[in-house]
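Note that ligands are numbered from 1 as they come in the structure, with each ligand's atoms numbered from 1 the same way. The first residue of the sequence shown is numbered 1, and numbering continues consecutively from there. Note that these values count all heavy atoms, side chains included, but never hydrogens, waters or copies made by symmetry.
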Amino acid sequence: MAEIRIDSRENLLKALRATGAYLPAICGGRGSCGKCAVRVISGSVPVSDSDRARFSPAELEDGWRLACAAFPVSEIVVEIPESGERQFSAVSGFAETKTEINANAAQWGEEFVLKKNPASFARQVTGAAGGGETKRELALAELNEVSKLAHAQGEIYKSAAQTDNFYIYRDRGKIIHIGGKTDPLYGVAVDIGTTTLGFALVELRTGKIAARCSSVNRQREMGGDVISRIQSANNGNLLALSGIARAQIDEGIAALCAEAGTRSRDIYKLAITGNTTMLHLLLNLSCHTLGQAPFTPVTLDMVFARYGEIFSGDLSCEVAILPGISTYVGADITAGLFFTGLREHKAPAVLVDIGTNGEMALAYNGKILCTATAAGPAFEGGNILWGTGSVPGAISGVRFHNGAFETRTIGDKPPAGICGTGVIDTVYEGLRAGLILPSGRFTKTEPPNELFLAKNQDGRDIVFCQKDIRELQLAKSAIRSGLDALLNHAGLGYNDIHTLYIAGGFGFNLNMESAAGVGLIPAPLVPKTNLAGNCALGGAVKYLLNGRVSAYDETLREIVECAEEFNLPDDKYFNEHFIDNINFDNWE
Ligand code: FES
């Protein structure tokens, strides 16, 4: 809990932000999401209409206000509840054991013995494989590594010691390190999701994951979904959004190093994936054409840069930004396809990344058909009264037992809110208990029209309301109708599908009975479902293990080139089934 003193007559949200405080104001300050709730401990802040709609009389009495609708009329002391969204937590993961990822670790080091009197160190290093000397111009970053070698040699000359064997480590043909056989060599993979950033620190020689973490995307304070981020960027906040992403990646790398006990200077490579909008924001690229037809991005290609060209941290490695397929089927799906090897499946297989933007791809007959559907942020806790990201304390599992809801939280921490899997469980359990009708309405018509789940640390009731059910209905129908339309477009049925990969932040924790019960996943596909976690992060990790050559660059390009996108909003089948799939008619 942070306590900040302010003396201001402006909107409290703006004033708090100016102090560096973080509030996940995902509705952009319109008073509808409730995520900017603060408690006024002393001083006077008049109750607004938005406050009355959001808080009970007892909560108003206790000082609860929405910061975006609060205009202090005196000096106040305000308490900001800890949302957990600033923390880095170890809940990000992907199905390492279900893939060949560890077997893909490439040979990195190439041994060579330094000659007694080379014409120059650079010439001997470039000719190392053949044992001779060749003339090839080195990039400055490579030359810096050679310079370190020369420095070490200088010490050896002074002491007249025996010259050692050295190892040259290359990435995509370029020298990234010259040193001993067992020098630590790490890479960092990053997936920038609209709601969550996932990080993994990888030992490049072995492919072992040395540390991983995730944190809620702090750009949420400028909008919960891709469209609102684009609008925010186009309203003059592009640089601020870019700065948030860059700072958060710097912090994520520091968190990984702290967890693994490694030095940041041992990181030699960074691979970043994410949806097209997130990557545009990271690179400070104009988003003006992303939000309007014909939705043309600045780029979808791979981007290579030095760390210092983008970030302010102390790394000096190369950064690779993975390629996307289209404006709404981004590099996160490319990475997911790469990770799951979907194209290599002999029978048709589907990858569905359930998030704010539900991206999906079907591999069949050597082709990849992909599309995206606007699911909204409900699966990531957005637009849900007590919704939150997958942070410690988020209610991730719910059961109705003996007339009451029992909850399970991430990290067994005190309940702080409800994340996506908790939302799905709550509705399914509500249907099973007869508290929710197949239409999505509460069975009981008298107030309070909400389901009590748990109390939070401040003693406030965490409840699930009618609007939350509606949000889930729209989100699950968008995903389900998109999946059905994708299969219909290819002329395939559920029985033709061999494997359904479910990716996304909540992949591992998804209760399949609940997912099928609310109609998110077709029941015939449940036995064929592989909960793969964050496949985008897994793809970035796999890319890091490229080794000396650049074969994976080519693989990614091939995936992008053979992917064909089809547009759901124009699809008659999708539009007809979207309405049909809103209710919970087949919940049993
Ligand atoms: S309710 Fe205040 S930012 Fe959404």
Side-chain angles (χ1 to χ4, degrees), residues 1-2 4 6 8-40 45-57 59-60 62-73 76 78-86 194-196 216-233 235-237 240-241 244 356 376-389 391 394 416-420 423 450 456 458 460-468 470-471 474-475:
M1 181 170 63
I4 298 166
I6 61 165
S8 168
R9 292 179 188 276
E10 65 183 334
N11 170 327
L12 186 54
L13 178 63
K14 273 193 193 152
L16 288 171
R17 273 185 183 159
T19 69
Y22 170 72
L23 287 138
I26 64 173
C27 73
R30 288 193 292 274
S32 59
C33 72
K35 302 289 188 264
C36 63
V38 296
R39 193 158 76 94
V40 179
V45 180
V47 175
S48 68
D49 289 345
S50 304
D51 291 331
R52 279 191 204 91
R54 174 66 46 175
F55 301 113
S56 68
E59 287 171 335
L60 291 173
D62 202 24
W64 287 99
R65 300 287 186 274
L66 294 176
C68 68
F71 294 87
V73 293
I76 63 168
V78 62
E79 179 185 274
I80 303 171
E82 176 54 76
S83 68
E85 295 198 356
R86 279 204 88 96
T194 310
T195 304
T196 308
V216 170
N217 190 332
R218 293 206 287 269
Q219 291 175 343
R220 266 160 63 102
E221 67 182 357
M222 297 194 192
D225 56 27
V226 162
I227 299 299
S228 54
R229 294 283 163 86
I230 291 172
Q231 285 167 349
S232 182
N235 287 335
N237 292 322
L241 285 158
I244 291 170
T356 307
F379 290 126
E380 295 177 334
N383 287 357
I384 300 293
L385 181 62
W386 276 93
T388 185
V391 297
I418 315 166
C419 67
V423 168
E450 56 194 25
N456 76 355
D458 299 315
R460 295 178 67 202
D461 291 351
I462 297 179
V463 295
F464 201 78
C465 68
Q466 184 67 67
K467 181 177 161 292
D468 295 341
R470 289 285 175 243
E471 291 289 340
L474 294 173

Sidechain N-carboxylate O distance under 4.0 Å for Asp49, Arg52: yes
Presence of N, O or S from Cys33 under 2.8 Å of atom 4 (Fe) of ligand 1: yes
Ligand 1-proximal atoms of Ser32, by part, heavy-atom distance under 4.0 Å: backbone
Taking atom 1 (S) of ligand 1 as the reference point, the nearest protein heavy atom with its distance: Gly34 N, 3.1 Å
Over 12 foreign heavy atoms within 6.0 Å of NZ, Lys467: yes
Exercise: identify the closest heavy-atom pair between Leu16 and Ala67: CD1-CB, 4.3 Å
Minimum heavy-atom distance Phe55-Leu66, with the two atoms named: CE1-N, 3.7 Å
Ligand-side contact atoms (ligand 1) for residue partner Gly29, heavy atom cut-off under 4.0 Å: 3 (S)
Closest protein heavy atom to atom 3 (S) of ligand 1, given as residue, atom name and distance to 0.1 Å: Ala25 CB, 3.2 Å
Exercise: identify the closest heavy-atom pair between Leu13 and Asn11: N-OD1, 2.7 Å
Numbered atoms of ligand 1 (with element) below 4.0 Å of Cys36, judged on heavy atoms: 1 (S), 2 (Fe), 3 (S)
